[in-house]
Amino acid sequence: MSVKVIVGAQWGDEGKGKIVDLLSENVDIVARYQGGANAGHTVVVGDKTYVLHLIPSGILHPNVVCVIGNGVVLDPQAFLDEVAFLEKLGVNVRGRLFISHNAHLIMPYHKLIDSLKEQGAAKIGTTGRGIGPAYIDKFARVGVKIVDLLHRDVLVKKIKSNIDDKNQLLSKIYHSDEMNVDEIVDKYLQFDKQLDEFITDTSVYMNRALKDGKSVLAEGAQGAMLDVDFGTYPFVTSSNPTSGGACTGLGIPPTAVESIAGVAKAYTTRVGNGPFPTEQLHEVGETLRKIGGEYGATTGRPRRCGWLDLFSLKYSVMINGIEEVALTKLDVLDTFDEIKVCVGYKYEGKRLKSFPLDLCTIEDIEPVYETLPGWKSNISGAKAYGELPANCRSYIEYIEKYLEAPAKLVSVGATRDQTIAH
């Protein structure tokens, strides 16, 4: 059995799409284990740019099977739109793309409630795609699963019960129009016909594949610092992007996991609200955003940008069991005379020994920086590690030493061939 788990090691948007695409060339199955259409994985192949939200990045390799696991909350329309998008670009997905029959569905009321909640003062900066409300229903044991589409009476009963409850919330709390049960049932039964060819028991499929010696790449969405248990709560996503989520999100045993890799930018970004200790609000942040094209792949929102936070990244390495790192967007730092990295946090004048998970502390910490010399040259054409400037290699090696994990891949541009094995 061979499963490699790929996690985003920061606050998401680390460039996992490109790394998964690269690693997919040598595996049989790529499986997505959590999140929903709030993720955006961008892959550039030649002159084509593919932005994927639900379908694993491995889909661009014609011999790879892709799986959307039970831990994902699926928006049927978003999925069908993505299939159409890929097919329009000449990517055949039929017969090699499967969705777990046990995955939960995002319903229209999830999106509506999500968007209405984000209009209040207590908004946390979600994408408004209904992800959080769908997970709430899942854990409240009232969610609608894909398998429910097979049984109209069960589907009607579940949706009616949910809408009766949600309409009370919509009308009395948010003063919004109520939703119609019959319209939603009819719409989702139509989705069932369109989704049918993709649905299977993916847990059985994957365990059989593993038994047959197939290799699996398990990809998470978002990043470890947005994990609902280990991230900067409550400014987190509603699932477990950390490596532990791979097993529960796919129905495979922990003994199948052979290795864990983390993807991290050479600096740090964050989308939405929440603490960001190394955020740079002025010239540095603007420069990183402009050069790095730091705008959300799903929403188009400008990302908050700052120096590399090694202290939080070391925490991510610990909780995920990361053994190797893929370092992305290193070329964005080409123009800087000096580059800062955060190597610790101070709170009330004292150095912290570990990453703080209480909001009051992390919102009031002072980052401790080391300053490293920049390399002031264009590295986007480098094809081998030795071709990188000395200061650039020193920057990478500083990161490796701090994290106690090698940077096996270094990305110096958006395309597949702008990647250096190290």
Side-chain angles (χ1 to χ4, degrees), residues 3-16 18-20 22-23 33-34 217-233 236-237 239-247 249 254 257-270 274-278 306-330 333 339-345 351-357 361-362 365 367-370 372 393-411 420-422:
V3 177
K4 185 183 187 76
V5 180
I6 305 292
V7 299
Q10 295 161 307
W11 276 282
D13 309 306
E14 301 93 348
K16 294 183 295 299
K18 174 183 175 176
I19 301 303
V20 171
L22 281 168
L23 297 177
Y33 61 82
Q34 50 72 229
L217 193 62
E219 70 161 356
Q222 291 89 37
M225 300 307 294
L226 293 174
D227 187 277
V228 70
D229 288 301
F230 295 101
T232 49
Y233 190 90
V236 293
T237 194
S239 57
N240 293 111
T242 43
S243 58
C247 295
V257 177
E258 190 175 72
S259 62
I260 301 166
V263 185
K265 274 179 184 166
Y267 50 101
T268 309
T269 63
R270 179 166 193 163
F276 184 179
T278 64
W307 296 119
L308 179 61
D309 188 340
L310 283 176
F311 194 66
S312 67
L313 192 51
K314 182 71 176 262
Y315 165 74
S316 183
V317 167
M318 177 189 75
I319 61 173
N320 285 290
I322 291 171
E323 301 153 301
E324 61 187 68
V325 173
L327 191 64
T328 63
K329 304 191 87 163
L330 188 63
L333 300 177
I339 301 166
K340 291 185 177 182
V341 291
C342 172
V343 296
Y345 291 172
R351 286 282 288 260
L352 298 180
K353 294 181 179 179
S354 59
F355 186 84
L357 286 179
T361 298
I362 194 172
I365 66 97
V368 178
Y369 288 111
E370 290 283 344
L372 304 176
R393 297 197 304 271
S394 295
Y395 184 73
I396 295 168
E397 288 154 17
Y398 186 97
I399 293 168
E400 291 178 313
K401 184 177 180 181
Y402 187 97
L403 297 180
E404 299 179 283
K408 289 289 187 73
L409 292 175
V410 177
S411 176
I420 296 169
H422 171 40

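The shown structure was predicted, so the numbers you read here are calculated from the model rather than taken from an experiment. When reading the values below, keep in mind they use all heavy atoms of this one structure, side chains included, and skip hydrogens, waters and symmetry mates.
No donor-acceptor distance shorter than 3.5 angstrom exists from the side chain of Glu370 to the backbone of Val343, with no hydrogens or angles considered. Checking side-chain atoms of Lys16 against main-chain N and O of Gln222 turns up a donor-acceptor pair under 3.5 Å. Between the side chain of Gln34 and the main chain of Ala221, a donor-acceptor pair closer than 3.5 Å is present. A distance-only check finds no donor-acceptor pair linking the side chain of Lys340 to the backbone of Thr278 [under 3.5 Å]. Of the possible polar contacts, one joining the Gln10 side chain to the Tyr267 backbone as a donor-acceptor pair under 3.5 Å is found.
With values rounded to the nearest 0.5 angstrom, Lys401 atom NZ is found 13.0 Å from Leu310 atom CG. Annotation: the span from Ile319 atom CD1 to Thr242 atom OG1 amounts to 6.0 Å, rounded to 0.5 Å. Rounding to the nearest 0.5 angstrom, the gap separating the CD1 atom in Ile260 from the CD atom in Glu324 is 10.5 Å. To the nearest 0.5 Å, the span separating CD1 on Ile322 from CG on Leu313 amounts to 7.0 Å. Expressed to the nearest 0.5 Å, how far OG1 of Thr232 lies from CZ of Phe355 amounts to 6.5 Å. Between the OG atom in Ser243 and the CD1 atom in Ile6 there is a gap of 11.0 Å [rounded to 0.5 Å].
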Quiz prompt | Check against side chain to side chain contact (heavy atoms under 4.5 Å, CB included), Leu23 and Leu409 | solution = CA-CA 10 Å; Leu23 297 177; Leu409 292 175; 4.2 Å; yes
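Residue Val7 comes nearest to Pro241 through the heavy atom pair CG1-O, 3.7 Å, listed as atom of the first residue, atom of the second, then distance. Closest approach of Gly231 to Leu357, counting heavy atoms only: O-CD2, 3.6 Å. When all heavy atoms are compared, the tightest approach of Ala224 to Ser316 is CB-OG, 3.4 Å. The two residues Lys4 and Ser259 have their closest heavy-atom pair at CG-OG, 3.2 Å. Summarising the geometry of Val236 relative to Val228, their closest heavy-atom pair is CG2-CA, 3.9 Å, with the distance given to 0.1 Å. Pairing each heavy atom of Pro277 with each of Trp11, the nearest pair is CD-CH2, 4.2 Å.
Using modelled atom types, one finds no donor on one side chain facing an acceptor on the other under 3.5 Å when comparing Asp309 with Thr268. Using modelled atom types and a 3.5 Å distance limit, the side chains of Lys18 and Thr328 yield no donor-acceptor pair.
Counting heavy-atom neighbours within 6.0 Å of Tyr233 OH, excluding the residue itself, gives a total of 12 or less.
Within the 4.5 Å cutoff, the side chain of Glu400 has heavy atoms near those of the His422 side chain. When side chains are defined from C-beta on, Ile420 does not count as touching Leu330, because their heavy atoms never get closer than 4.5 Å.
Cation-pi geometry between Lys314 and Tyr402 is satisfied (NZ or CZ under 6.0 Å from the ring centre, within 45° of the ring normal).
Shown here are the side-chain contact (heavy atoms from CB on, under 4.5 Å) partners of Leu372, two or more places apart in sequence or in another chain: Val341, Tyr395, Tyr398.
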